[in-house]
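Written out below as structure tokens is the structure these notes cover.
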Amino acid sequence: MPHSFGYRARTRDMFKRGFKEHGPIKISTYLVNYRVGDIVDIKANAAQQKGMPHKYYHGRTGIVYNVTPHAVGVIVYKVVGNRYIEKRVNLRVEHVKHSKCRQEFLDRVKRNHEAHVAAKEKGERVSLKRVPAGPREAHIVSTAGNAPQTMAPVAYETKI
């Protein structure tokens with residue numbers, strides 16, 4: 001039998017509520033303030049069907065461009081062919097949450113600023129660039145109190 005091509009086709013698992021997250025929506029969801037320019041993650045909440053995003057936008061990250069009493073407008077970039085198209089999606093606040101994607105960057109900026117100020121007081125220069133973890137230091141393994149052991153696989157036994 002051919003499958004359907006509806007607006008919510010093949011979203012059984014996508015829109016499912018999480019474990020122990022069923023029931024009415026928490027009041028704290030409505031108390032979050034959104035401002036223009038905030039980065040938000042779009043995650044559809046199946047308990048509220050109004051203002052729900054299309055399945056394509058579920059899990060995407062966008063920027064708030066409009067705020068209304070019950071909803072926010074979000075700009076999301078969609079790949080169409082060989083270009084990006086700016087899509088403006090209006091969603092109720094139940095389906096968005098502030099993104100944490102920028103938090104690590106903001107923490108690093110704060111840490112770098114503190115290190116820069118401390119180095120300037122001492123009158124020295126400090127490198128604020130991220131450095132990848134290099135190879136581990138060389139060391140010698142002694143066999144003095146550590147006798148080598150020969151490893152062999154255990155024979156497989158069938159117990160029926």
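Keep in mind that this is a model prediction, so the values were computed, not measured.
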Pairs involving residues 101-112, ordered by first then second residue, that meet side chain to side chain donor-acceptor pair (under 3.5 Å) (sequence neighbours left out): Q103-D107
H116 NE2: over 12 foreign heavy atoms closer than 6.0 Å: no
side-chain contact (heavy atoms from CB on, under 4.5 Å) between Y84 and V79, intermediate numbers included: CA-CA 5 Å; Y84 283 94; V79 177; 3.4 Å; yes
CD1-NZ distance between I39 and K100, expressed to the nearest 0.5 angstrom: 14.5 Å
Spacing of OH belonging to Y34 relative to NZ belonging to K97, to within rounding of 0.5 Å: 9.5 Å
CG on N33 to CG on D38, rounded to 0.5 Å: 9.5 Å
Q49 side chain near R8 side chain, heavy-atom distance below 4.5 Å: yes
Minimum side-chain heavy-atom gap I42-V76 below 4.5 Å: yes
Validation row: K43, H58 side chains within 4.5 angstrom (heavy atoms): yes
Side-chain heavy-atom pair K87, Y56 within 4.5 angstrom cut-off: no
Contact check, side chains of M52 and F15, non-hydrogen atoms, under 4.5 Å: yes
Nearest non-hydrogen partners of A47 and R17, listed with the distance: CB-NH1, 3.1 Å
Flag if over 12 foreign heavy atoms under 6.0 Å of NZ, K55: yes
Side-chain atoms of residues 23-32: list all donor-acceptor pairs with protein atoms under 3.5 Å, sequence neighbours left out, distances to 0.1 Å.
unit_1	atom_1	unit_2	atom_2	d
T29	OG1	K26	O	3.1
Y30	OH	E94	OE2	2.9

Separation between NE2 of H98 and CG of D41, rounded to the nearest 0.5 Å: 10.5 Å
Parallel, tilted or perpendicular, as decided by the 30° and 60° cut-offs, for the rings of F5 and H3: tilted
V89 with V67, same ILVMFWY side-chain cluster at under 4.5 Å: yes
Sidechain-backbone polar pair: T11 side chain, M14 backbone, donor-acceptor under 3.5 Å: no
4.5 Å side-chain heavy-atom contact, Y65 and V74: no
NE2 (H22) with more than 12 external heavy atoms under 6.0 Å: yes
Considering only distance and modelled atom types, tabulate donor-acceptor pairs under 3.5 Å from the side chains of residues 120-132, sequence neighbours left out.
none

Shortest non-hydrogen contact between G73 and N90, atoms and distance: CA-OD1, 3.6 Å
